[in-house]
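One structure is given here, and the rest of the page talks about it.
The figures here come from the full heavy-atom set of this structure, side chains too, leaving out hydrogens, waters and symmetry mates. Not measured: the values here are computed from a predicted model.
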Amino acid sequence: MQKDWMKSNVSFTLVNEDHKKGVKHSFAYVAQNVTAEKIAAFGKILEDLIDGNITDAAVSSTDHVELSDAPKAQTAPAAPQA
């Protein structure tokens, strides 16, 4: 079995006068080994650019897992030629 990183995303929750329950702002193309400090620093930059406070950040990653022991999918037989 082999596991390969494919992509990561981060989603920040912003709270302000217009969005009292919070609104999500998502960003793609996050580095594979992003640190909490870098996420927090980017959140501070966002707070400087927008009116409101960042209350939460969630990083999600997608990995591809190759299952070498998994049975291969069988292909359907070809239709007979006329």
Quiz prompt | S26: partners by side chain to side chain contact (heavy atoms under 4.5 Å, CB included), with sequence neighbours left out | solution = S11
Self-check item: For T55, all residues meeting side chain to side chain contact (heavy atoms under 4.5 Å, CB included), sequence neighbours excluded
Solution: T13, V15
Quiz item: Heavy-atom distance under 4.5 Å between the side chains of I39 and V10, does that happen here?
Solution: yes
Self-check item: Side chain to side chain, L46 and F27, heavy atoms closer than 4.5 Å
Solution: yes
Quiz prompt | Taking every non-hydrogen atom, the tightest pair across W5 and A31 | solution = CZ2-C, 4.3 Å
Quiz item: salt bridge (charged side-chain N to carboxylate O under 4.0 Å, His left out): which pairs involve residues 19-37, sequence neighbours left out?
Solution: E17-K20
Quiz item: Which residue pairs pass the salt bridge (charged side-chain N to carboxylate O under 4.0 Å, His left out) test when at least one of the two sits in residues 45-56, sequence neighbours left out?
Solution: K44-E47
Quiz item: Taking only residues two or more places apart in sequence or in another chain, which ones pass side-chain hydrogen bond (donor to acceptor under 3.5 Å, both in side chains) with H19?
Solution: N16
Quiz item: Taking a hydrophobic cluster as the set of Ile, Leu, Val, Met, Phe, Trp and Tyr residues connected by side-chain heavy atoms closer than 4.5 Å, whether directly or through intermediates, do F42 and V34 fall within one such cluster?
Solution: yes
Quiz prompt | K3: partners by salt bridge (Lys or Arg N to Asp or Glu O under 4.0 Å), with sequence neighbours left out | solution = D63
